Amino acid sequence: MVIGKLRSELRRELGENAHEADWIITHVTGLTQSDFVLRPREVTDDELREIRGLVNRRLDGEPLQYILGETEFMGLRFKVTGETLIPRADTETLAEEVIEKIGNRKRRVLDIGTGSGCIGISIAKMCKNAEVTLLDYSDAILDVASENAELNGVSAKTVKCDILEEIPEGKYDIIVSNPPYIETETIFGLDNIVTSYEPIEALDGGFDGLMFYRRIAEIAGKLFDGSGFIAFEIGYNQGEAVTELLKDEDFSSVRLKKDACGNDRVVTAKLRQGVFERGD
Ligand code: GLN
(Lines give C-alpha, C1' and ligand atoms only; values in the text may rest on other atoms or scores of the structure.)
Protein backbone atom coordinates (compact mmCIF):
# COMPACT_ATOMS: atom_id res chain seq x y z
CA MET A 1 0.00 0.00 0.00
CA VAL A 2 1.27 3.47 -0.79
CA ILE A 3 2.14 5.59 2.20
CA GLY A 4 -0.35 8.43 1.63
CA LYS A 5 -3.30 6.06 1.53
CA LEU A 6 -2.14 4.20 4.64
CA ARG A 7 -1.67 7.50 6.43
CA SER A 8 -5.23 8.68 5.76
CA GLU A 9 -6.67 5.32 6.77
CA LEU A 10 -4.79 5.31 10.06
CA ARG A 11 -5.67 8.94 10.80
CA ARG A 12 -9.33 8.09 10.39
CA GLU A 13 -9.04 5.04 12.63
CA LEU A 14 -7.15 6.85 15.37
CA GLY A 15 -9.79 9.60 15.56
CA GLU A 16 -8.82 12.21 18.16
CA ASN A 17 -5.28 10.79 18.18
CA ALA A 18 -4.96 11.12 14.39
CA HIS A 19 -1.63 12.97 14.68
CA GLU A 20 -0.09 9.80 16.14
CA ALA A 21 -0.44 8.01 12.78
CA ASP A 22 2.67 9.79 11.50
CA TRP A 23 4.71 8.83 14.57
CA ILE A 24 3.76 5.19 14.19
CA ILE A 25 4.55 5.11 10.45
CA THR A 26 7.83 6.94 11.02
CA HIS A 27 8.80 4.56 13.82
CA VAL A 28 8.25 1.45 11.71
CA THR A 29 9.41 2.59 8.25
CA GLY A 30 12.25 4.91 9.21
CA LEU A 31 10.82 7.49 6.80
CA THR A 32 10.53 11.09 7.95
CA GLN A 33 7.30 13.03 7.67
CA SER A 34 8.67 15.01 4.75
CA ASP A 35 9.50 11.72 2.99
CA PHE A 36 5.76 10.92 3.05
CA VAL A 37 5.26 13.84 0.66
CA LEU A 38 8.58 14.20 -1.14
CA ARG A 39 9.65 10.54 -1.42
CA PRO A 40 6.50 8.45 -0.94
CA ARG A 41 6.90 4.70 -1.40
CA GLU A 42 5.00 1.48 -0.96
CA VAL A 43 4.85 0.13 2.57
CA THR A 44 6.03 -3.50 2.63
CA ASP A 45 3.80 -6.29 3.95
CA ASP A 46 6.08 -6.76 6.97
CA GLU A 47 5.92 -3.06 7.78
CA LEU A 48 2.17 -3.07 7.34
CA ARG A 49 1.79 -5.98 9.73
CA GLU A 50 3.94 -4.24 12.34
CA ILE A 51 2.06 -0.96 11.94
CA ARG A 52 -1.27 -2.77 12.32
CA GLY A 53 -0.07 -4.38 15.55
CA LEU A 54 0.96 -1.03 17.02
CA VAL A 55 -2.25 0.70 15.95
CA ASN A 56 -4.34 -2.04 17.54
CA ARG A 57 -2.49 -1.62 20.84
CA ARG A 58 -3.15 2.10 20.65
CA LEU A 59 -6.84 1.53 19.94
CA ASP A 60 -6.93 -0.67 23.07
CA GLY A 61 -5.80 2.37 25.06
CA GLU A 62 -2.09 1.76 25.62
CA PRO A 63 -0.19 5.08 25.69
CA LEU A 64 1.78 5.70 22.50
CA GLN A 65 4.96 6.34 24.48
CA TYR A 66 4.93 2.77 25.83
CA ILE A 67 4.08 1.34 22.40
CA LEU A 68 7.01 3.12 20.76
CA GLY A 69 9.18 2.67 23.87
CA GLU A 70 10.29 6.27 23.79
CA THR A 71 9.21 9.86 24.22
CA GLU A 72 10.52 13.39 24.10
CA PHE A 73 11.22 15.65 27.07
CA MET A 74 13.00 19.02 26.94
CA GLY A 75 13.73 18.31 23.28
CA LEU A 76 15.65 15.14 24.23
CA ARG A 77 14.80 11.49 23.55
CA PHE A 78 14.01 9.18 26.44
CA LYS A 79 13.38 5.48 26.51
CA VAL A 80 10.33 4.54 28.60
CA THR A 81 9.21 1.14 29.83
CA GLY A 82 6.29 -0.01 31.97
CA GLU A 83 8.62 0.42 34.99
CA THR A 84 8.71 4.18 34.62
CA LEU A 85 6.23 7.01 34.51
CA ILE A 86 5.87 8.62 31.09
CA PRO A 87 7.58 12.04 31.35
CA ARG A 88 4.94 14.79 31.21
CA ALA A 89 5.21 18.13 29.45
CA ASP A 90 4.21 19.80 32.76
CA THR A 91 7.40 18.48 34.33
CA GLU A 92 9.47 20.62 31.95
CA THR A 93 8.52 23.56 34.21
CA LEU A 94 10.47 21.91 37.04
CA ALA A 95 13.48 21.01 34.89
CA GLU A 96 13.61 24.53 33.43
CA GLU A 97 13.47 26.10 36.88
CA VAL A 98 16.48 24.14 38.10
CA ILE A 99 18.43 24.58 34.86
CA GLU A 100 17.97 28.33 35.12
CA LYS A 101 19.01 28.28 38.78
CA ILE A 102 22.23 26.38 38.07
CA GLY A 103 23.36 27.93 34.78
CA ASN A 104 27.09 27.26 34.46
CA ARG A 105 27.71 26.86 38.18
CA LYS A 106 29.26 23.75 39.64
CA ARG A 107 26.45 22.12 41.61
CA ARG A 108 25.76 18.64 43.00
CA VAL A 109 22.21 17.71 42.11
CA LEU A 110 20.15 14.83 43.49
CA ASP A 111 17.06 13.80 41.45
CA ILE A 112 14.86 11.84 43.87
CA GLY A 113 12.44 9.37 42.24
CA THR A 114 14.15 9.80 38.91
CA GLY A 115 12.09 7.23 36.96
CA SER A 116 13.16 7.53 33.32
CA GLY A 117 15.74 10.06 34.51
CA CYS A 118 14.14 12.81 32.44
CA ILE A 119 14.64 15.62 34.98
CA GLY A 120 18.19 14.86 36.11
CA ILE A 121 19.40 14.00 32.62
CA SER A 122 17.99 17.21 31.14
CA ILE A 123 19.79 19.15 33.87
CA ALA A 124 23.06 17.28 33.21
CA LYS A 125 22.69 17.92 29.49
CA MET A 126 22.05 21.64 29.81
CA CYS A 127 24.20 22.55 32.82
CA LYS A 128 27.72 21.48 31.89
CA ASN A 129 29.10 21.85 35.42
CA ALA A 130 26.30 20.06 37.23
CA GLU A 131 27.14 16.72 38.85
CA VAL A 132 23.91 14.77 38.73
CA THR A 133 22.85 11.76 40.81
CA LEU A 134 19.73 9.83 39.83
CA LEU A 135 17.99 8.09 42.73
CA ASP A 136 15.19 5.54 42.69
CA TYR A 137 14.17 2.46 44.63
CA SER A 138 14.63 -0.33 42.08
CA ASP A 139 17.37 -1.65 39.82
CA ALA A 140 14.92 -2.03 36.93
CA ILE A 141 14.09 1.70 37.07
CA LEU A 142 17.74 2.70 37.44
CA ASP A 143 18.61 0.57 34.39
CA VAL A 144 16.19 2.67 32.31
CA ALA A 145 17.61 5.89 33.76
CA SER A 146 21.20 4.80 33.04
CA GLU A 147 20.31 3.87 29.48
CA ASN A 148 18.75 7.29 29.02
CA ALA A 149 21.84 9.02 30.39
CA GLU A 150 23.92 7.12 27.84
CA LEU A 151 21.43 7.80 25.04
CA ASN A 152 21.78 11.51 25.74
CA GLY A 153 25.53 11.44 26.18
CA VAL A 154 25.65 12.59 29.80
CA SER A 155 27.31 11.03 32.79
CA ALA A 156 25.18 10.66 35.89
CA LYS A 157 25.60 8.56 38.99
CA THR A 158 22.75 6.25 40.04
CA VAL A 159 21.80 5.43 43.62
CA LYS A 160 19.38 2.75 44.70
CA CYS A 161 17.54 3.84 47.80
CA ASP A 162 14.03 3.67 49.19
CA ILE A 163 13.79 7.23 50.36
CA LEU A 164 10.91 6.43 52.73
CA GLU A 165 13.08 3.96 54.64
CA GLU A 166 16.65 5.17 54.29
CA ILE A 167 18.67 8.34 53.87
CA PRO A 168 21.04 8.23 50.90
CA GLU A 169 24.74 8.91 51.36
CA GLY A 170 26.49 11.94 49.93
CA LYS A 171 26.10 15.70 50.04
CA TYR A 172 24.25 17.80 47.51
CA ASP A 173 23.57 21.47 46.74
CA ILE A 174 20.24 20.92 45.03
CA ILE A 175 17.48 18.38 45.49
CA VAL A 176 14.96 18.09 42.67
CA SER A 177 11.99 15.77 42.71
CA ASN A 178 8.74 15.00 40.97
CA PRO A 179 7.58 12.46 43.53
CA PRO A 180 4.36 10.46 43.44
CA TYR A 181 1.76 12.98 44.66
CA ILE A 182 -1.73 11.64 44.09
CA GLU A 183 -3.88 10.76 47.11
CA THR A 184 -4.22 6.97 47.35
CA GLU A 185 -8.00 7.19 47.23
CA THR A 186 -8.00 9.37 44.10
CA ILE A 187 -5.87 6.85 42.21
CA PHE A 188 -8.78 4.46 42.09
CA GLY A 189 -10.95 7.15 40.53
CA LEU A 190 -8.34 8.05 37.88
CA ASP A 191 -8.82 7.41 34.22
CA ASN A 192 -8.02 3.70 34.23
CA ILE A 193 -5.73 4.12 31.23
CA VAL A 194 -3.26 5.83 33.55
CA THR A 195 -3.48 3.22 36.30
CA SER A 196 -3.59 0.17 34.08
CA TYR A 197 -0.41 1.09 32.19
CA GLU A 198 1.67 3.34 34.44
CA PRO A 199 3.24 2.05 37.68
CA ILE A 200 1.05 2.84 40.70
CA GLU A 201 4.24 3.34 42.75
CA ALA A 202 5.06 6.35 40.58
CA LEU A 203 1.70 7.97 41.33
CA ASP A 204 0.74 7.08 44.91
CA GLY A 205 1.62 9.84 47.35
CA GLY A 206 -0.09 8.28 50.36
CA PHE A 207 -3.42 9.15 52.00
CA ASP A 208 -3.03 12.93 51.53
CA GLY A 209 -0.65 12.83 48.54
CA LEU A 210 2.05 14.57 50.58
CA MET A 211 4.00 11.60 51.97
CA PHE A 212 7.10 12.13 49.81
CA TYR A 213 7.22 15.92 50.22
CA ARG A 214 7.05 15.49 54.00
CA ARG A 215 9.79 12.86 54.05
CA ILE A 216 12.13 14.69 51.67
CA ALA A 217 11.69 18.00 53.54
CA GLU A 218 12.51 16.18 56.80
CA ILE A 219 15.71 14.55 55.58
CA ALA A 220 16.93 17.33 53.25
CA GLY A 221 19.08 18.87 56.00
CA LYS A 222 21.16 15.68 56.14
CA LEU A 223 21.70 15.73 52.37
CA PHE A 224 22.85 19.34 52.19
CA ASP A 225 26.29 20.61 53.07
CA GLY A 226 25.03 23.34 55.40
CA SER A 227 22.73 24.93 52.86
CA GLY A 228 20.79 23.91 49.83
CA PHE A 229 18.00 24.50 47.35
CA ILE A 230 15.00 22.27 46.82
CA ALA A 231 12.63 22.15 43.84
CA PHE A 232 9.51 20.00 43.76
CA GLU A 233 6.84 19.40 41.18
CA ILE A 234 3.44 19.54 42.89
CA GLY A 235 -0.19 18.88 42.03
CA TYR A 236 -2.18 21.99 41.03
CA ASN A 237 -3.90 22.11 44.45
CA GLN A 238 -0.92 21.31 46.69
CA GLY A 239 0.86 24.68 46.67
CA GLU A 240 -0.30 25.79 50.08
CA ALA A 241 0.20 22.44 51.82
CA VAL A 242 3.73 21.93 50.45
CA THR A 243 4.65 25.55 51.28
CA GLU A 244 3.55 24.96 54.87
CA LEU A 245 5.41 21.72 55.33
CA LEU A 246 8.62 23.24 53.94
CA LYS A 247 8.31 26.19 56.33
CA ASP A 248 7.76 23.76 59.21
CA GLU A 249 11.15 22.23 58.35
CA ASP A 250 12.80 25.70 58.43
CA PHE A 251 12.97 26.25 54.68
CA SER A 252 12.82 29.89 53.61
CA SER A 253 12.24 31.82 50.35
CA VAL A 254 9.45 29.38 49.48
CA ARG A 255 8.17 30.19 45.98
CA LEU A 256 5.43 28.78 43.78
CA LYS A 257 5.74 28.67 39.97
CA LYS A 258 2.97 28.04 37.48
CA ASP A 259 3.04 25.73 34.46
CA ALA A 260 2.13 26.71 30.90
CA CYS A 261 -1.57 26.14 31.71
CA GLY A 262 -1.46 28.60 34.62
CA ASN A 263 -1.64 25.96 37.40
CA ASP A 264 0.69 25.90 40.40
CA ARG A 265 3.25 23.29 39.39
CA VAL A 266 6.59 23.90 41.10
CA VAL A 267 7.69 24.86 44.60
CA THR A 268 11.24 25.99 45.32
CA ALA A 269 12.80 26.81 48.68
CA LYS A 270 16.13 27.25 50.45
CA LEU A 271 17.49 25.75 53.60
CA ARG A 272 20.32 27.31 55.56
CA GLN A 273 21.55 25.62 58.68
CA GLY A 274 23.47 27.16 61.55
CA VAL A 275 25.72 30.10 60.83
CA PHE A 276 27.06 28.58 57.64
CA GLU A 277 26.12 30.74 54.65
CA ARG A 278 27.41 30.84 51.11
CA GLY A 279 26.66 32.72 47.93
CA ASP A 280 23.11 32.11 46.65
N1 GLN B 1 11.07 11.85 37.74
C2 GLN B 1 10.28 11.12 36.82
C3 GLN B 1 9.40 12.07 36.01
O4 GLN B 1 9.25 13.19 36.34
C5 GLN B 1 9.42 10.08 37.52
C6 GLN B 1 8.43 10.67 38.48
C7 GLN B 1 7.63 9.63 39.23
O8 GLN B 1 7.81 8.43 39.02
N9 GLN B 1 6.76 10.09 40.08
O10 GLN B 1 8.84 11.69 35.01
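Bear in mind that the values here come from a model prediction, so they are computed numbers and not experimental data. Whatever order the structure lists them in is the order used to number ligands and atoms, beginning at 1. In what follows, every heavy atom counts, from backbone to side chain, and hydrogens, waters and symmetry copies are set aside.
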Locate the shortest heavy-atom distance separating Phe224 from Lys171; write the atom from each residue and the value.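 Here Phe224 and Lys171 meet closest at O-CD, 3.6 Å.
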Report the nearest protein non-hydrogen atom to [atom]: residue, atom name, distance rounded to 0.1 Å.
atom: atom 10 (O) of ligand 1; answer: Cys118 SG, 3.5 Å
atom: atom 2 (C) of ligand 1; answer: Thr114 O, 3.3 Å
atom: atom 8 (O) of ligand 1; answer: Ala202 CB, 3.2 Å

Counting heavy atoms only, which part of Pro199 comes closer than 4.0 Å to ligand 1: side chain, backbone, both or neither?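 No part of Pro199 comes within reach of ligand 1.
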Counting only heavy atoms, which portion of Ile119 has something under 4.0 Å from ligand 1: side chain, backbone, both, or neither? side chain
Only heavy atoms count here, so choose which of Pro179, Pro87, Gly113 is nearest to atom 5 (C) of ligand 1. Gly113
Pick, from Asn178, Ile86, Thr71, Leu203, the option with the minimum heavy-atom distance to atom 6 (C) of ligand 1.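 It is Asn178 whose heavy atom sits nearest to atom 6 (C) of ligand 1.
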Less than 4.0 angstrom from a charged side-chain N to a carboxylate O is my criterion; do [X] and [Y] meet it?
X: Glu96; Y: Lys257; result: no
X: Arg52; Y: Glu13; result: yes
X: Arg57; Y: Asp60; result: no

Under 4.0 Å from a heavy atom of Thr91: which atoms of ligand 1 are those, numbered in the order shown and with their elements? 4 (O)
Can you sort out which atoms of ligand 1 are near Pro180, meaning under 4.0 Å from one of its heavy atoms? 9 (N)
Should Leu6 and Leu68 be regarded as members of a common hydrophobic cluster, given that ILVMFWY residues are connected when their side-chain heavy atoms come within less than 4.5 Å of each other, either directly or indirectly? yes
Do side-chain atoms of Asp225 reach the backbone of Asp173 as a donor and acceptor pair under 3.5 angstrom? no
Does Ser227 use its side chain to pair, donor to acceptor, with the backbone of Leu271 at less than 3.5 Å? no
Less than 3.5 Å between some nitrogen or oxygen of Arg88 and one of ligand 1, yes or no? no
